[in-house]
Amino acid sequence: MAGRIEWSQVRVVASKEFRDRIRNRWVVAVALIFSLFSVAIAYFGSAQQGAVGFRGIDVTIASLVSLVIYLVPLIALILGYDAVVGEKERGSLELLLAMPITRFEILLGKFTGLSAALACSTVIGFGAGVLLLADQLGARDIYHYLGFVFSAILMGMAFLSLSLLVSVLAADRIRASGVAIGLWFFFVLIFDLLVMGMLVMSQGALGSGLFGTLLMLNPADIFRLLNIFSSEQVQNMYGLATVMPQNLTNPAVLIGIMLMWIVTPFIIAHWRFK
């Protein structure tokens with residue numbers, strides 16, 4: 001990243017990416033999905049325990065966390081996997097590079113616009129869902145719910161940054177989509193199984209410090225921990241309080257690590273894109 005950044009150029013690229021998602025109704029579709037699931041889980045999330053109806057924001061968030069860990073990374077990876085390689089295949093990237101704009105500004109503009117689309121759909125979706133419960137929520141509940149939505153956006157941006165890196169590295173859209181889906185399987189489905197397998201095979205020799213450090217290698221687990229340790233009731237539901245080192249339960253530390261997950265893949269993507 002040499003020289004001064006022309007933020008007006010970044011805004012132009014970001015606005016185009018955001019408008020494209022609005023135009024193809026991507027934001028509306030994702031917002032609708034989030035809204036329907038948030039309402040359904042709020043009222044029917046405890047059906048397996050023989051209870052139906054809203055049982056408090058902590059129980060609702062605990063149920064939503066599991067859903068969001070599956071949906072948001074997948075949506076973010078699909079959203080960004082062709083951001084660069086797609087432009088290259090269509091021949092529009094050469095035209096863009098011929099203009100007075102740097103590669104860093106292009107990459108930052110794309111990331112900003114896609115992040116805005118993802119954040120917009122997340123806020124609208126979960127916001128619309130909680131509006132139906134507004135008369136049952138107190139100030140503390142709303143604050144807790146806003147924290148949950150904010151952490152979901154951060155996780156989405158981390159996976160979006162990874163998808164942008166994939167888009168820069170991939171030779172074509174087909175390979176980029178394959179790698180994006182592979183990353184989703186690894187971080188969402190496989191990673192925790194590997195960590196738990198190591199924990200079992202070590203027969204307790206894997207200390208809490210190493211266990212907690214391993215979880216920091218997955219933005220989905222960081223998101224889960226951010227929401228688990230925001231409520232004592234949720235901690236008891238997940239049972240991780242006794243195995244996590246104290247310094248890795250601090251929300252400020254977890255947010256800092258999540259920000260590293262956002263920034264690091266982007267920096268690598270820019271390095272390869274130059």
Side-chain angles (χ1 to χ4, degrees), residues 41 45 58-77 80 115 118 122 126 144-166 179-268:
I41 287 177
D58 290 335
V59 175
T60 299
I61 288 177
S63 300
L64 282 172
V65 163
S66 299
L67 172 72
V68 168
I69 282 177
Y70 283 95
L71 280 182
V72 170
L74 181 61
I75 290 169
L77 288 166
S115 296
L118 182 63
T122 304
F126 288 121
H144 190 186
Y145 193 78
L146 289 175
F148 158 74
V149 174
F150 175 69
S151 64
I153 293 172
L154 287 181
M155 178 179 64
M157 291 176 66
F159 280 97
L160 186 59
S161 185
L162 284 170
S163 70
L164 206 61
L165 174 59
V166 169
V179 174
I181 296 301
L183 285 175
W184 180 81
F185 269 103
F186 175 74
F187 282 112
V188 175
L189 301 176
I190 298 174
F191 184 88
D192 286 349
L193 291 177
L194 293 176
V195 173
M196 293 306 297
M198 292 173 59
L199 188 62
V200 171
M201 287 189 295
S202 70
Q203 297 182 348
L206 188 67
S208 63
L210 180 56
F211 176 76
T213 301
L214 288 174
L215 292 184
M216 297 303 103
L217 300 178
N218 186 349
D221 282 325
I222 298 172
F223 165 77
R224 180 185 285 115
L225 292 170
L226 269 170
N227 288 281
I228 287 174
F229 289 98
S230 64
S231 165
E232 186 174 342
Q233 182 180 358
V234 179
Q235 287 181 43
N236 295 332
M237 293 174 66
Y238 276 87
L240 281 175
T242 57
V243 296
M244 284 297 298
Q246 191 68 28
N247 62 318
L248 292 180
T249 63
N250 187 324
V253 173
L254 293 171
I255 289 175
I257 297 173
M258 185 74 88
L259 291 175
M260 289 177 60
W261 267 105
I262 296 172
V263 172
T264 303
F266 182 86
I267 291 175
I268 299 173

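Nothing here was measured: the structure is a model prediction, and the numbers come from that model.
- With sequence neighbours excluded, no residue forms a side-chain hydrogen bond (donor to acceptor under 3.5 Å, both in side chains) with Ser161.
- Counting all heavy atoms, side chain and backbone alike, Ala76 lies closest to Leu118 at CB-CD2, 4.1 Å.
- Of all heavy-atom pairs spanning Leu259 and Leu154, the tightest one is CD2-CD2, 4.2 Å.
- The line from CD1 of Ile257 to OG1 of Thr213 is 8.5 Å long, rounded to the nearest 0.5 Å.
- Considering every non-hydrogen atom in both Gly80 and Ser163, the closest pair reads CA-OG, 3.3 Å.
- Separating the CG atom in Leu165 from the OG1 atom in Thr264 is a distance of 10.5 Å, to the nearest 0.5 Å.
- The salt bridge (charged side-chain N to carboxylate O under 4.0 Å, His left out) contacts involving residues 254-263 comprise nothing, where partners must be two or more places apart or lie in separate chains.
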Determine, step by step, whether Thr122 and Val149 satisfy the side chain to side chain contact (heavy atoms under 4.5 Å, CB included) criterion, reporting the C-alpha distance in whole Å, the side-chain angles of both residues, the deciding distance to 0.1 Å, and the verdict.
CA-CA 7 Å; Thr122 304; Val149 174; 4.1 Å; yes

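- Heavy-atom neighbours of Phe150 CZ from other residues, nucleotides or ligands within 6.0 Å: at or below the threshold of 12.
- Put simply, CG on Leu214 and CG on Asp221 are 10.0 Å apart, with the number rounded to the nearest 0.5 Å.
- When atom types are taken as modelled, the side chain of Trp261 and the backbone of Met216 share a donor-acceptor pair closer than 3.5 angstrom.
- The shortest side-chain heavy-atom distance between Asn218 and Ile222 does not fall under the 4.5 Å cut-off.
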May I have the step-by-step check of side chain to side chain contact (heavy atoms under 4.5 Å, CB included) for Leu164 and Phe266, ending in yes or no?
CA-CA 7 Å; Leu164 206 61; Phe266 182 86; 3.9 Å; yes

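- Between Leu160 and Ile262, every side-chain heavy-atom pair lies at or beyond the 4.5 Å cut-off.
- Inter-residue side-chain proximity for Phe187 and Pro73 is flagged as unmet; no heavy-atom pair is nearer than 4.5 Å.
- In this structure a side-chain-to-backbone donor-acceptor pair under 3.5 Å is present from Trp184 to Tyr70.
- Two residues are said to be in side-chain contact when any heavy atoms from C-beta on lie closer than 4.5 Å; Leu254 and Phe223 fail this criterion.
- In terms of heavy atoms, Ser151 sits closest to Asn227 at OG-ND2, 3.1 Å.
- Using a 30° and 60° split on the angle between ring planes, Phe126 and Tyr145 fall in the perpendicular class, above 60°.
- Two residues are said to be in side-chain contact when any heavy atoms from C-beta on lie closer than 4.5 Å; Phe191 and Phe185 fail this criterion.
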Please assess Phe159 against Ile75 for the test side chain to side chain contact (heavy atoms under 4.5 Å, CB included), listing each intermediate value before the final yes or no.
CA-CA 9 Å; Phe159 280 97; Ile75 290 169; over 6 Å; no

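- Across all non-hydrogen atoms, the minimal contact from Leu162 to Pro265 is CD2-CG, 3.8 Å.
- The closest side-chain heavy-atom distance from Leu193 to Leu189 is not below 4.5 Å.
- Pairs passing the side-chain hydrogen bond (donor to acceptor under 3.5 Å, both in side chains) check and including a residue from residues 188-200, sequence neighbours excluded, read Asp192-Arg224.
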Side chain to side chain contact (heavy atoms under 4.5 Å, CB included) assessment of Met155 paired with Leu226
CA-CA 11 Å; Met155 178 179 64; Leu226 269 170; over 6 Å; no

